Amino acid sequence: MIKIKKFAAIDIGSNAMRLLVTNIVEQEGKETQFNKSALVRVPIRLGQDAFTVGEISSENRERMVDAMKAFNLLMKVHKVEAYKAFATSAMREAYNGKEVVALIKKKADIKIEIIDGKKEAAIIASTDLHHLLKTDQTYLFVDVGGGSTEFTLFSNGKIVTSRSFKVGTVRLLNEMVCDVVWQEIEKWIKTNTVDFDEISLIGSGGNINKLFKMSGKMQDKPLSYLYINSQYAFLNSLTYDQRISELGLNPDRADVIIPAVRIYLNAMKWSGARNIYVPKIGLSDGIVKAMYFGKI
């Protein structure tokens with residue numbers, strides 16, 4: 001006998017907002033399955049507001065309200081039983097973030113929780129990583145967002161340490177990351193990986209997923225440092241318009257993909273990783289699983 005539950009996750013990031021609807025399939029004697037039913041992504045770049053002027057603009061507040069009304073209706077149509085909505089870096093840093101949360105609750109009836117980098121990293125880490133992690137190996141998990149990047153070191157299948165840094169694609173586009181931040185990241189990675197002989201990266205985030213898709217590789221195969229490096233040079237050689245017309249990238253992906261790849265490349269260089277695995281996971285997947293297993 002199969003039992004199906006429907007959960008939804010709303011991820012309000014610095015570059016885009018997502019609604020993920022998941023079918024949770026329970027069957028006695030079998031592992032619970034999490035199957036994506038629908039994914040809607042809305043390109044509202046909140047980080048542009050939050051990181052440059054410190055507040056969410058009135059235009060983006062209205063766009064957020066409209067998006068949340070749409071998300072609410074979609075959840076109703078899908079007959080979603082439970083949902084969680086989490087906002088990350090941009091909403092954390094906007095001084096009117098709490099005001100926007102109250103406005104959305106009033107106008108769209110969606111309750112949003114603003115979470116810190118540590119909780120964000122923990123939620124993402126609660127995804128299907130155990131399927132990927134070989135217990136005798138060491139991995140540096142890197143989740144690149146618009147406003148922050150979460151680094152988590154795994155060894156023997158367990159979390160060794162994790163840290164969130166204020167380096168993200170939207171911040172880098174606006175030249176808001178100083179050398180000191182890069183030096184801090186380099187020091188943190190080198191200090192925490194020095195005792196491990198061989199490390200692989202695990203990449204999470206829309207940009208690395210796009211890069212992986214473009215590579216045409218099988219899901220369980222990694223991308224090499226050399227490949228990422230050559231793609232970085234290739235993307236840099238194209239104009240913004242060419243990245244849209246020739247590579248078919250979305251306008252809100254065509255600019256942020258370059259700073260994102262730079263973050264992954266640096267993480268690989270500083271940890272000595274030669275390969276990066278790209279499982280299809282992100283904050284939304286983590287939210288659904290953490291809800292199901294009663295962690296949030």
Side-chain angles (χ1 to χ4, degrees), residues 12-16 45-56 87-97 114-125 138-155 159-196 199-208 211 225 228-229 231-233 235-236 252-253 255-274 276 282-283:
I12 299 158
S14 306
N15 192 43
R45 194 168 281 182
L46 298 177
Q48 199 65 40
D49 292 343
F51 309 141
T52 55
V53 291
E55 68 166 341
I56 306 297
T88 56
S89 198
M91 291 279 278
R92 277 201 292 270
E93 289 182 40
Y95 76 80
N96 62 343
I114 299 173
I115 58 170
D116 61 23
K118 200 162 184 158
K119 185 165 181 178
E120 189 179 345
I123 291 169
I124 296 164
T138 305
Y139 300 90
L140 180 61
F141 180 77
V142 183
D143 179 62
V144 174
S148 65
T149 295
E150 277 63 51
F151 296 90
T152 308
L153 187 68
F154 289 88
S155 190
I159 293 176
V160 178
T161 182
S162 77
R163 175 97 186 259
S164 178
F165 287 93
K166 283 187 180 181
V167 59
T169 57
V170 180
R171 264 191 231 276
L172 285 166
L173 271 187
N174 286 288
E175 297 179 352
M176 298 180 72
V177 180
C178 62
D179 288 346
V180 174
V181 178
W182 284 115
Q183 286 159 14
E184 269 183 36
I185 297 169
E186 182 178 2
K187 187 183 172 189
W188 187 87
I189 291 175
K190 285 182 173 176
T191 304
N192 287 290
T193 58
V194 70
D195 295 333
F196 301 98
I199 290 177
S200 293
L201 234 67
I202 297 173
S204 166
N207 292 293
I208 195 73
L211 204 65
Y225 176 83
I228 301 277
N229 206 13
Q231 285 299 101
Y232 183 62
L235 289 165
N236 263 310
D252 69 307
R253 173 78 65 218
D255 53 358
V256 292
I257 195 164
I258 290 177
V261 177
R262 185 180 163 198
I263 297 170
Y264 293 112
L265 271 177
N266 280 336
M268 291 180 88
K269 190 164 68 184
W270 296 330
S271 63
R274 290 197 294 269
I276 178 167
L283 183 62

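Bear in mind that the values here come from a model prediction, so they are computed numbers and not experimental data.
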Q: Go through the structure and list residues passing salt bridge (Lys or Arg N to Asp or Glu O under 4.0 Å) with Lys119, not counting sequence neighbours.
A: Glu113
Q. How about Ser148 and Glu120: do any of their side-chain heavy atoms sit closer than 4.5 Å?
A. yes
Q | Minimum-distance pair of heavy atoms, taken over all atoms of Tyr95 and Glu55 | A | OH-OE1, 3.1 Å
Q) So among Ile276, Leu201, Ile202, which one has a side-chain contact (heavy atoms from CB on, under 4.5 Å) with Leu140? A) Leu201
Q. Between atom CD of Glu184 and atom CD1 of Ile189, what is the distance when rounded to the nearest 0.5 Å?
A. 12.0 Å
Q. Who passes salt bridge (Lys or Arg N to Asp or Glu O under 4.0 Å) against Lys118, sequence neighbours left out?
A. none
**Q.** Close side-chain approach of Val144 to Ile208, heavy-atom, < 4.5 Å
**A.** no
Q: Please report the shortest heavy-atom distance between Gln48 and Val170, naming the atom on each side.
A: N-CG1, 3.7 Å
Q) Using 4.0 Å as the upper bound for N to carboxylate O, is an ion pair formed by Glu93 and Arg171? A) yes
Q) Is the backbone N or O of Ile114 less than 3.5 Å from a side-chain atom of Arg92, with the two atoms forming a donor-acceptor pair by type? A) no
Q | Reported OG-to-CZ distance for the pair Ser200 and Arg274, which is rounded to 0.5 angstrom | A | 8.5 Å
(Q) Quick check: closest heavy atoms across Ala50 and Ala90, and the distance to 0.1 Å? (A) CB-O, 3.2 Å
Q) Is the side chain of Thr149 donor-acceptor paired with the backbone N or O of Phe165 at a distance under 3.5 Å, no angle test? A) no
Q. Is there a side chain to side chain contact (heavy atoms under 4.5 Å, CB included) between Leu173 and Arg45 once you walk through the steps?
A. CA-CA 12 Å; Leu173 271 187; Arg45 194 168 281 182; 3.6 Å; yes
Q: Of all the heavy-atom pairs spanning Thr193 and Ser271, show the shortest one and how long it is.
A: OG1-CA, 3.9 Å
Q | Student check: side-chain heavy atoms of Ile199 and Met268 closer than 4.5 Å | A | no
Q: May I ask you to decide if Phe196's main-chain N or O and Thr138's side chain share a donor-acceptor pair within less than 3.5 Å?
A: no
Q) When rounded to the nearest 0.5 angstrom, what is the spacing between CD1 in Ile159 and OG1 in Thr152? A) 6.0 Å
**Q.** Any Val167 side-chain heavy atom under 4.5 Å of Leu172 side chain
**A.** yes
Q.
If you apply the rule side chain to side chain contact (heavy atoms under 4.5 Å, CB included), what do you find for Ile185 with Ile263, and how did you get there?
A. CA-CA 10 Å; Ile185 297 169; Ile263 297 170; over 6 Å; no
Q. Any side-chain heavy-atom pair from Tyr139 and Ser155 closer than 4.5 angstrom?
A. no
Q: Given side chain to side chain contact (heavy atoms under 4.5 Å, CB included), test Lys190 with Val194 step by step and report yes or no.
A: CA-CA 6 Å; Lys190 285 182 173 176; Val194 70; over 6 Å; no
**Q.** Option passing side-chain contact (heavy atoms from CB on, under 4.5 Å) with Thr169 (candidates Val256, Asp255, Asn174)
**A.** Val256
(Q) Quick check against the 3.5 Å criterion: does Tyr225 have a side-chain atom that pairs as donor or acceptor with the backbone of Gly272? (A) no
Q | From CD1 (Ile228) to NZ (Lys269), nearest 0.5 Å | A | 14.0 Å
Q. Of all heavy-atom pairs between Tyr264 and Val142, which one has the smallest distance, and what is that distance?
A. CE2-O, 3.6 Å
Q | Asn15 side chain reached by Leu46 side chain, heavy atoms, under 4.5 Å | A | no
Q: Test Gln231 against Val261 for side chain to side chain contact (heavy atoms under 4.5 Å, CB included), laying out the working first.
A: CA-CA 9 Å; Gln231 285 299 101; Val261 177; 5.7 Å; no
Q: Answer yes or no: is there a side-chain heavy-atom contact under 4.5 Å between Lys187 and Trp182?
A: no
Q) Are Phe151 and Phe141 near enough that their ring centres are under 6.0 Å apart? A) no
Q | Separation of Asp143 CG from Ser162 OG (nearest 0.5 Å) | A | 11.5 Å
Q: Please report the shortest heavy-atom distance between Tyr232 and Ile258, naming the atom on each side.
A: CE1-O, 3.4 Å
Q: Answer yes or no: is there a donor N or O on one side and an acceptor on the other, between the side chain of Asn96 and the main chain of Ile56, under 3.5 Å?
A: yes
